[in-house]
Trainee: 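The structure's right below; bear with me while I get my questions together.
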Amino acid sequence: MFSIPGKQAVSITDRAAQQIAKLMDRDGHKALKVGVKKGGCAGMEYTMDYVDEVAANDEVVEQNGARVIIAPMAQMFLFGTEIDYETSLLESGFKFNNPNVSEACGCGESIKFDESLFQK
């Protein structure tokens, strides 16, 4: 759907790829599906779900044993995003370094996208 020939929609750091591959192996799923939905204090939030099938218009990114699927509706919002995995003393989890985000809430769970994404 929304793509540039020869360029993947998202990139995955080595840490994130290791974690995704470990989760897929442990639970027997084929991929991790990443998307966005309305919600949160800034207006949008990321979604992550296990999937066992790839739909016809899904974008598939494979890197270092990890498979990430991006739903068609989310592709324009996630294009250029780096998916990372961070571990700290208090928490660990996936982090999205997304150049399309113009604002984020204090907890980092909710985001607002640059208005230029919505203009034709």
Trainee: Taking all heavy atoms of Asn64 and all of Ala17, pick out the closest pair and write down the distance.
Mentor: CB-CB, 3.9 Å
Trainee: Just wondering, do Phe79 and Val10 contact through their side chains at under 4.5 Å, heavy atoms?
Mentor: no
Trainee: Distance from Met48 atom CE to Leu23 atom CG, nearest 0.5 Å?
Mentor: 8.5 Å
Trainee: When rounded to the nearest 0.5 angstrom, what is the spacing between CG in Asp14 and CD in Gln19?
Mentor: 13.5 Å
Trainee: For Phe77 and Thr81, work out which heavy atoms get closest and say how close.
Mentor: O-OG1, 4.3 Å
Trainee: If hydrophobic residues (ILVMFWY) are linked whenever their side-chain heavy atoms come closer than 4.5 Å, directly or via other members, who joins Val54 in its cluster?
Mentor: Val51, Val60, Ile69
Trainee: Out of Asp58, Ile70, Val68, Thr47, which one pairs with Lys33 under the side chain to side chain contact (heavy atoms under 4.5 Å, CB included) rule?
Mentor: Asp58
Trainee: Of all heavy-atom pairs between Ile12 and Val61, which one has the smallest distance, and what is that distance?
Mentor: CD1-CG1, 4.0 Å
Trainee: How about Met24 and Leu32: do any of their side-chain heavy atoms sit closer than 4.5 Å?
Mentor: yes
Trainee: For Lys37, check salt bridge (Lys or Arg N to Asp or Glu O under 4.0 Å) against everything at least two apart and list the hits.
Mentor: Glu45
Trainee: With rounding to the nearest 0.5 angstrom, report the CD to CD1 distance, Gln63 to Ile20.
Mentor: 9.0 Å
Trainee: Which atom names give the shortest non-hydrogen contact between Arg67 and Lys30, and what distance separates them?
Mentor: CD-O, 3.5 Å
Trainee: Look at the rings of Tyr46 and Phe96 and say which category their plane angle falls in: under 30° parallel, 30 to 60° tilted, over 60° perpendicular.
Mentor: parallel
Trainee: Please report the shortest heavy-atom distance between Ala74 and Gly35, naming the atom on each side.
Mentor: CB-CA, 3.7 Å
Trainee: Which heavy atom in Phe94 sits nearest to a heavy atom in Ile83, and how many Å separate them?
Mentor: CD2-CG2, 4.0 Å
Trainee: Indicate whether the side chain of Asp84 and that of Asn97 have a donor and an acceptor atom separated by less than 3.5 Å.
Mentor: no
Trainee: Nearest 0.5 angstrom please: Glu86 CD to Thr13 OG1, how far?
Mentor: 8.5 Å
